[in-house]
Amino acid sequence: MSFLHVNVEDRVAVITIDKAPANALSSAVLKELSFVLDELKNQEEVRVILLRGEGRFFSAGADIKEFTTVETGEEFARLAQFGQDLFEKMETFPKPIIAAIHGAALGGGLELAMGCHIRLVSKTAKLGLPELQLGLIPGFAGTQRLPRLVGSAKAFEMLFTSDPLTGDEAVRWGLANHAFEEESLMDEAFKMAKKISQKGPISVASVIELSRYSKTQEYHNGVKREAELFGKVFTSEDGKEGIQAFIEKRAPEFKGK
Ligand SMILES: C/C=C/C(=O)SCCNC(=O)CCNC(=O)[C@H](O)C(C)(C)COP(=O)(O)OP(=O)(O)OC[C@H]1O[C@@H](n2cnc3c(N)ncnc32)[C@H](O)[C@@H]1OP(=O)(O)O
């Protein structure tokens, strides 16, 4: 089954995530995105990628319902590693990737957006990492990328409280580039994508390649440890309680076990 649509116009490839009801990032969606990017990488007529979500949200994060089918901590750690590798592939992709975020980019949805080079948001979108609300932690490099973008104090606040930022706040905190009314978001995003598509692909790719040197070894150690701990929290009673509470639409009761 296909969860992504790709439409190329004016050298801009628009990738739409279309997985009702919330564009949750199941492993099938992540694999398909990886495949689509590999295809677009070598297509000369594509200079810029624009990523958006169909329906109410950009993406509400990893597929919480799919979590109930995974059993061991090692499997969760592998799932985290797959997402981390994919978002790293996006960050180092030789063509600019712009996320156009409306509705919500939560958990893995925000981690996906943070793997993009530019984030444009609707003013009322919710952007957050609410994994602690589920008794879990982020697993797709969110613990590493969020503080790099908003600073450690704001990142701790967002992680500890699970409270999202609005699109306007995300711009103020450096998490997003610009906020627009939801009706004009895609037009504005396309306008920026077209402008970038007119630049020389070699210089654009060079800027992206050079930006990677600002990442330290500590970042890579950080995501490795994140994947290990991601696997560990899932085997805790609190992790199971958090996921169950989400599915049963009730508040979780964490016991510290
Ligand atoms: C490594 C990465 C880890 C992670 O990403 S962990 C996941 C982090 N994400 C979250 O915790 C977000 C969870 N979702 C929400 O907080 C809310 O939802 C929203 C704010 C996105 C929307 O709220 P509202 O407008 O009240 O709608 P609704 O009835 O809660 O959701 C609509 C349908 O979407 C499903 N859904 C939402 N998020 C997810 C998800 N992340 N995984 C799987 N399903 C999800 C719901 O269950 C429901 O479905 P039905 O209509 O069948 O009851």
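The figures here come from the full heavy-atom set of this structure, side chains too, leaving out hydrogens, waters and symmetry mates. All values derive from a computational prediction rather than experimental measurement. Just follow the structure's listing: the first ligand is 1, and inside any ligand the first atom is 1.
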> More than 12 non-hydrogen atoms from neighbouring residues, nucleotides or ligands closer than 6.0 Å to CD on E71, yes or no?
Replying inline: no
> Are more than 12 heavy atoms from other residues, nucleotides or ligands located less than 6.0 Å from atom CD of E45?
Replying inline: yes
>> Using the side-chain hydrogen bond (donor to acceptor under 3.5 Å, both in side chains) criterion, which residues pair with R172? Sequence neighbours excluded.
In response: none
>> So, using ring pair (Phe, Tyr, Trp, His ring centres under 6.0 Å) as the criterion, who are the partners of F140 when residues are at least two apart?
In response: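 F140 satisfies ring pair (Phe, Tyr, Trp, His ring centres under 6.0 Å) with F87 only.
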> Taking any residue with a non-hydrogen atom under 4.0 angstrom from an atom of ligand 1, which ones do you get?
Replying inline: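 Answer by chain and number: P21, A22, A24, R56, F57, A60, G61, A62, D63, I64, K65, F67, L106, G107, G108, E111, P130, E131, L134, G139, F140, F230, F246, K249.
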Check: residues 35-44 side-chain donor-acceptor pairs under 3.5 Å, at least two apart:
from, atom 1, to, atom 2, distance (Å)
D38, OD1, K89, NZ, 2.9
D38, OD2, K89, NZ, 3.4

>> How long is the straight-line distance from CD of E241 back to CZ of F254, given to the nearest 0.5 Å?
In response: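 F254 CZ to E241 CD: 6.5 Å, rounded to 0.5 Å.
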